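Worksheet: one structure, shown below.
Not measured: the values here are computed from a predicted model.
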Amino acid sequence: MRFRPKRLAVAAVALLTAAAALPAAAAERGGREDRPSHGGLSAVIRYTEYGIPHIVARDWAGLGFGTGWAQAADQVCVLADGFVTVRGERSRYFGADAKPDASLSSASDNLASDLYFRGVRQAGTVEKLLARPAPAGPSRASRELMRGYAAGYNAWLRKNRITDPACAGAAWVRPVTTLDVAARGHAIAVLGGEGRAVDGITAARPPAPATGAVPDAPDVPDARDTARAARGLFAAHDSDMGSNAVAFSGATTADGRGLLLGNPHYPWQGGRRFWQSQQTIPGRLNVAGGSLLGSPTVSIGHNAEVAWSHTVATGVTLNLHQLTLDPADPTVYLVDGRPERMTKRTVTVPVKDGAPVARTQWWTRYGPVVDAFGGSLPLPWTTTTAYALHDPNAANLRASDTALGLSTARDTDDMLAALRRTQGLPWVNTIAADSAGHTLFTQSQVLPRITDDLARRCSTALGKATYPSSGLAVLDGSRGDCALGRDPGAVQAGIFGPARMPTLKDAPYAENSNNSAWLANADRPLTGYERVFGDFGTPRSMRTRGALEDVAAMAGRGGLTVRDLQRQQFANRVPAGDLAAADAAKACAELPGGTARSGAGAAVDVREACDVLAAWDRTVDTGSRGALLFDRFWRKLTAAVPADRLWRVPFSPADPVRTPHTLNTAATGFATALADAVAELRAAGVELDAPLGRHQFVVRDGRRLPVHGGTESLGVWNKIEPVWRPAQGGYAEVTTGSSYIQAVGWDGSRCPVARTLLSYSQSSNPDSPHHADQTRLYSGERWVTSRFCEKDILSSPALRIVRVRER
């Protein structure tokens, strides 16, 4: 960024050292926390509307201190729960059989979670990564941020009483260390790899050695079933996280400058929420945006000259190595005919109201032995075969440096250079725009170096089925020539170097909605990348298709401003409705006698539904009548009818945005889905033409707040995954969806033009005034005007200034 170091430095010194330098009214609005003690780390936190903190410090450790303090003030219980997780202490406090919130791994219960995370701690994995010099390890700035964050969190605990009923008085809320903060970052890095296989890692057990002269017959997974399961597991748009983002170039905007709309879809509860702030070190850093909880850096945001967002990428962040075992000892595997003994890690977990539980994990040169991915993809360990998981992000503690590189960039070229230098993003794409009118899309992520050639040479029979269909490679672990190797410029062995990353620069628009890099711009398709990055020439998700239609039309109109981005965010158009509602209504009206058979065999009068579907406005606004009926019908139809039978006109790679189309109303299951949707709504006492917001809502502070938006299969940009609770009136909560939203542009002044919205608000504490204030804004499709420049921060009518010190 082009800082004004002298002006900012003077302002910051005044803020940090002299109360007289602050507006008197602002100083009076401070609380008891305004009275600092002396010594140690320090920061100044200026709070503006909606509890958004603007943190100023002299150095990296001080900035981390202020960030840790401010995050604890809003999210202490959620943060403390996550630190219990990465210390492997959930069973001790909550019981072995209870379930974690899935924010830091896929573990199905606390015992599995603890076995994995205590194993990581016991092996010294994170300490070793912290000790690596940059760029392979974290920079000094990142380490100082983590150290300061831990100190700030701890200082807040010492000086404040917890009022959140989720953890008030709880013994598990304890001070943390730099290692705890780093371990949380490491857990986020391996979410797509080891983190999604925790149950399989901790449950893997060697079989008894073969006793006869002939080895036992191998229990080989079915290749077709495994490929199908892998497709489901590694489809980014089907996960609990997703996102949309689009950057528009100066060729499409009203003033020749860039525009960026970011709309990440993340959980609304638990430890993977975003938290909003501005971070400033005068002359070195000035950035605003959303941070994943527990992170000392801004994850998605903007500075004075660039804005960026991330979307969950299609790159498969792990691979498997199929091991050939010694039948006499299934904990010994062969590489080029030579035996290697697995490393045995015995982990003991203390358990609440019970005896400690000890389990053994088995590790190889490739990574841990794993016996399954969830219940859908078994990988049996037999006397002849086992499977080891390789996750290159297990050696990646560089995400904070990537975030700092993006936060301090001056333009999109700087951003790309930072991504190539730090190589710290584990499972996301980056979409960016700058004030000079440039755009960037890049899938610069840490991936195992699985080239298509390597997969051809080294795939086992199972890998020959899984790799083409899903990008999951299963390599022959008995061959040394099947090692992943090292690319030029790669900061660690076994990953792709920067030159391999799918990248699109300066397109009129660059967009991603969790399909592959192929159609970041439909007029400039990206091809030629390795299959592990994602597929191309295949059907796109409904959300990708709808997004590309929308942003291409916007770019074609031109003259775009931030207001156009805001309109796109809440347009709430339903692409599936545009494609299918008219056909569904017509076929409904042609049903004999106006009835259809439900799945239970009952005759259901659907005549009213025909009229409602025909009249529906094809949106999921809170006032849309018919949206709820179509939603329930569409969920049932797409669950019953395979994708290749849903449409009359099939997918064409030559027209990937507009195909497939024309609903196949003759498909078996169409009439049943309609009957079941009608019967379901009537049984719940819901009128078929009821406004969506009457039956899609969240309850906050005892009030119902209508929620607009729609589920993944509808293709809505403003994605919401609501919880169907008919006894409570319909969709009565949201699990994931639009989270930290930002619309950013520039107008030639010193301050970016930014509108933001944190859909679930800053604090999880129901006693906080910022528990639901932005949720009310989201419900009403209203935005927060960003206060980025000093004049805007200091003129806030809600300004409250807090000076915090370590001692």
Using the benzene-type ring in the case of Trp, are the ring centres of [X] and [Y] under 6.0 Å apart?
| X | Y | answer |
| --- | --- | --- |
| Phe630 | Trp616 | yes |
| Trp717 | Phe570 | no |
| Phe65 | Trp156 | no |

If you measure only the distance, is there a donor-acceptor pair under 3.5 Å linking the side chains of [X] and [Y]?
| X | Y | result |
| --- | --- | --- |
| Gln279 | Thr67 | yes |
| His54 | Thr280 | no |
| Asn765 | Ser763 | no |
| Tyr149 | Asn154 | no |
| Asn572 | Asp621 | yes |

A cation-pi test, strictly: NZ or CZ of [X] under 6.0 Å from the centre of the six-membered ring of [Y] and no more than 45 degrees from its axis. Yes or no?
| X | Y | result |
| --- | --- | --- |
| Arg704 | Phe697 | yes |
| Arg632 | Trp724 | yes |
| Arg184 | Phe83 | yes |

| query | Can Glu305 and Arg257 be counted as an ion pair, charged N to O under 4.0 angstrom? | reply |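 Not counted as a salt bridge, because no side-chain N and carboxylate O are separated by less than 4.0 Å.
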| field | Of all pairs that satisfy salt bridge (charged side-chain N to carboxylate O under 4.0 Å, His left out), the ones with a partner from residues 560-575, not counting sequence neighbours | value |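 Sorted pair list: Glu549-Arg573, Asp550-Arg573, Asp564-Arg567, Arg573-Asp578.
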| Side-chain (Asp101) to main-chain (Gly271) donor-acceptor, under 3.5 angstrom | yes
| task | Using a cut-off of 6.0 Å, state whether more than 12 heavy atoms not belonging to Arg703 lie near its atom CZ. | result |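 Counting other residues, nucleotides and ligands, CZ of Arg703 stays at 12 neighbours or fewer.
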